[in-house]
Chemist: 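Below you'll find the structure I mean.
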There are 2 protein chains.
Amino acid sequence: MNLLDENGMDEQQFLAQYNQKEYPCPSVAVDTVAFAISEGSQDNYRKLPSKQLCLLLIQRAGHPHIGQWALPGGFVEPDETVGSAACRELEEETGVADSYIEQLFAFSTPGRDPRAWVISVAHMALVSSGKLEAIAGSDAQSAKWFVLNASSGNGQVALSLKAGDVELSATVALNGEQLEPEIIKNDGLAFDHAKIIAYALMRLRGELEYSDLAFNLMPEKFTLSELQQVYELLSGKRLLSAAFRRKVNSFVVQTGEYTQNAGHRPSQIYVRNKE
Amino acid sequence: MNLLDENGMDEQQFLAQYNQKEYPCPSVAVDTVAFAISEGSQDNYRKLPSKQLCLLLIQRAGHPHIGQWALPGGFVEPDETVGSAACRELEEETGVADSYIEQLFAFSTPGRDPRAWVISVAHMALVSSGKLEAIAGSDAQSAKWFVLNASSGNGQVALSLKAGDVELSATVALNGEQLEPEIIKNDGLAFDHAKIIAYALMRLRGELEYSDLAFNLMPEKFTLSELQQVYELLSGKRLLSAAFRRKVNSFVVQTGEYTQNAGHRPSQIYVRNKE
DNA sequence: ATGTGATAATATCAGTATGTTATTAACTAA
DNA sequence: TTAGTTAATAACATACTGATATTATCACAT
């Protein structure tokens with residue numbers, strides 16, 4: 001390529017004199033909303049169907065927003081993609097590795113970080129229930145799984161997060177998938193992370209309908225009733241089991257194994273059908 | 001908030017001494033894949049059903065990739081969101097305004113821009129056919145609508161772009177929605193824009209199934225046959241008109257107006273139903 | 001042993017939606 | 001008036017869906 005520009009420079013000369021810092025540039029961060037399903041309290045007999053949606057937060061040890069709870073994340077480095085940065089930060093800060101990760105949206109409202117101009121590429125991670133114990137025992141002391149309860153109405157979503165005696169809450173107004181939500185109320189969440197959590201929840205619910213995303217939240221082996229509970233939890237609707245079984249039938253494979261000591265007819269154990 | 005960090009600083013002191021430039025930061029760009037449907041050659045009688053999918057490219061006047069064709073875009077500024085940057089650059093460079101714009105994906109593979117570390121947040125714009133003439137007459141001299149032909153097979157997409165006597169082509173391998181495509185072959189497209197175009201096309205086709213995205217490509221008033229042609233063009237499949245009419249019925253409203261001088265039974269003109 | 005209560009799994013059936021073909025309608029051009 | 005063309009809808013068989021009912025299989029209590 002020997003074309004010259006209006007200054008008579010070829011591409012090599014141009015690149016040699018190019019100085020990126022003439023222009024202002026933002027820091028680019030990643031923040032990850034890691035969802036998982038809690039197993040629920042397991043009375044051996046007459047157990048409660050108490051699965052709950054959980055998400056992973058970290059208590060901030062430094063400024064800004066010291067003491068508040070934030071999504072795991074950090075700054076992207078020059079030798080990695082935003083996706084690998086999200087995986088790296090999630091594992092460093094919380095011990096969660098090898099989970100499904102999806103890029104959601106770049107949050108870029110000016111002023112969203114009081115330190116400086118920071119654009120954050122939000123990600124969603126779905127953590128298989130089979131991996132939860134390992135994570136709980138990792139050495140990421142400040143990371144905690146919070147039980148998430150969300151109630152939506154007239155365009156707003158109220159988030160309630162509980163982990164032990166820590167309780168956080170926030171309300172945001174949704175503006176569709178293409179605009180950042182607005183924070184109406186925020187108690188205990190750092191930065192604009194209430195926005196990001198609400199956005200991720202909306203996307204998770206939306207993609208439920210036309211994808212097999214929910215399987216990433218399941219352990220390797222599961223019963224169809226367990227799978228249905230997860231769908232019901234995420235969609236907020238009660239489903240009829242006969243119809244549900246028909247719908248997921250092509251996405252699962254029977255193992256021939258059955259649950260034991262359940263106090264009722266054993267249920268067959270399935271695995272995900274990877275086509 | 002009067003909490004102190006391990007250095008005994010409160011938040012105000014911390015922010016006063018914070019220096020962003022201690023850390024490397026990328027430039028953040030936006031690039032927009034603007035799609036539109038060409039009206040096709042209109043023989044008044046026995047006209048060809050020759051709608052085509054078009055996209056907007058700009059010939060680069062400076063280094064790098066001087067002379068090659070690139071997506072309209074540019075760097076994000078500190079006082080705007082990536083979405084407004086995408087709208088601004090698209091209008092500045094091509095005259096396209098007030099179109100539907102959707103954020104797609106942040107492209108961040110190291111080395112994707114030879115000048116420096118640049119992360120690009122790709123967007124997709126859908127331009128209503130009613131606006132095409134205005135744009136063609138704008139003063140954006142270097143912008144051209146290219147006719148896009150894409151053929152996919154065994155995980156690869158071959159792109160062919162034509163505008164007058166300019167012909168570009170590229171082949172990329174898709175890796176799902178969560179990884180950037182890989183460039184196999186590239187003739188005439190700047191940077192990694194072949195990747196971005198292929199990704200946008202995949203998303204456009206995917207969202208066709210479960211959204212009313214396609215209406216953004218239509219003029220305000222249209223017939224159901226025209227709408228069907230657009231769906232057929234984008235999906236690559238032939239559709240049966242009786243079934244198609246039933247499916248879109250709830251998304252459109254009759255106007256009571258009809259086409260004229262068509263050489264056959266007039267077709268009724270519809271507008272989009274905004275619920 | 002036998003019954004009770006629980007959930008799993010499937011059968012059944014009506015109503016709806018879908019794919020397909022056939023038919024009718026309305027226009028232009030010859 | 002006829003041929004050619006596309007629009008629009010009717011008609012019908014099949015598939016899918018929501019809902020209820022039925023049967024299966026276990027743990028436990030009596």
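In what follows, chains carry the letters A, B, and so on, assigned in the order in which the sequence lines appear, proteins first and then strands, with residues in each chain numbered from 1.
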Chemist: Find the distance B/E226:CD to D/dA8:P and express it as a whole number of Å.
Modeler: 11 Å
Chemist: Report the distance from atom OH of A/Y258 to atom P of D/dA24, rounded to the nearest whole Å.
Modeler: 14 Å
Chemist: Can you tell me the distance, in whole Å, between the CD1 atom of A/I269 and the C1' atom of C/dA9?
Modeler: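 So the CD1-C1' distance, A/I269 to C/dA9, works out to 15 Å.
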Chemist: With a 4.0 Å cutoff (strictly under), does any side-chain N or O of B/S225 reach OP1 or OP2 of D/dT6?
Modeler: no
Chemist: If I take atom CD in residue B/Q229 and atom P in nucleotide D/dT6, what distance separates them, rounded to the nearest angstrom?
Modeler: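 Those two atoms, CD and P, are 10 Å apart.
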Chemist: Working note: A/F222 + A/Y270, criterion ring-ring contact (aromatic ring centres under 6.0 Å, His included); need CA distance, chi angles, decisive distance, verdict.
Modeler: CA-CA 5 Å; A/F222 50 85; A/Y270 288 76; 7.2 Å; no
Chemist: Please list all pairs meeting salt bridge (Lys or Arg N to Asp or Glu O under 4.0 Å) that have one or both residues in residues 244-271 of chain A, counting only residues at least two apart or in different chains.
Modeler: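 Salt bridge (Lys or Arg N to Asp or Glu O under 4.0 Å) check on residues 244-271 of chain A returns A/K221-A/E257.
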Chemist: Write down the distance between CD (B/E257) and P (D/dA7), rounded to a whole number of angstrom.
Modeler: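 Roughly 17 Å, once rounded to whole Å.
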Chemist: Using the side chain to side chain contact (heavy atoms under 4.5 Å, CB included) criterion, which residues pair with B/L174? Sequence neighbours excluded.
Modeler: B/V157, B/V172, B/P181, B/A198, B/M202
Chemist: Just how far, in rounded Å, is C1' of C/dA8 from CD of A/Q254?
Modeler: 13 Å
Chemist: List for me each residue that meets side chain to side chain contact (heavy atoms under 4.5 Å, CB included) alongside B/D212, sequence neighbours excluded, and say none if there are none.
Modeler: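 B/D212 satisfies side chain to side chain contact (heavy atoms under 4.5 Å, CB included) with B/F215, B/F251, B/R272 only.
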Chemist: Tell me which pairs pass salt bridge (Lys or Arg N to Asp or Glu O under 4.0 Å) where either residue lies in residues 159-168 of chain A, with sequence neighbours left out.
Modeler: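 Applying salt bridge (Lys or Arg N to Asp or Glu O under 4.0 Å) to every pair that reaches into residues 159-168 of chain A, excluding sequence neighbours, yields nothing.
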Chemist: In terms of side-chain heavy atoms of B/S267, which of D/dA27, D/dA8, C/dA9 is nearest?
Modeler: D/dA8
Chemist: Roughly how many Å is it from CD in B/E232 to P in D/dT6, rounded to a whole number?
Modeler: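 B/E232 atom CD is separated from D/dT6 atom P by 13 Å.
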Chemist: Summarise protein proximity over nucleotides 13-26 of chain C in one line of letters, 5' to 3': B for base, S for sugar-phosphate only, - for none, counting protein heavy atoms closer than 4.0 Å.
Modeler: -----BBBB---BB
Chemist: Name the nucleic acid region contacted by A/T259, choosing base, sugar-phosphate or nothing; use a 4.0 angstrom heavy-atom cut-off, strictly under.
Modeler: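 Nothing, no heavy atom under 4.0 Å.
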Chemist: Identify, with sequence neighbours excluded, every residue that meets salt bridge (charged side-chain N to carboxylate O under 4.0 Å, His left out) alongside B/E182.
Modeler: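 Residues passing salt bridge (charged side-chain N to carboxylate O under 4.0 Å, His left out) with B/E182: none at all.
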Chemist: Could you check how far CG of B/N249 sits from P of D/dA8, rounded to whole Å?
Modeler: 12 Å
Chemist: Hey, are A/K237 and A/E232 close enough for a salt bridge, meaning a charged N less than 4.0 Å from a carboxylate O?
Modeler: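 Salt bridge between A/K237 and A/E232, a charged N being under 4.0 Å from a carboxylate O: no.
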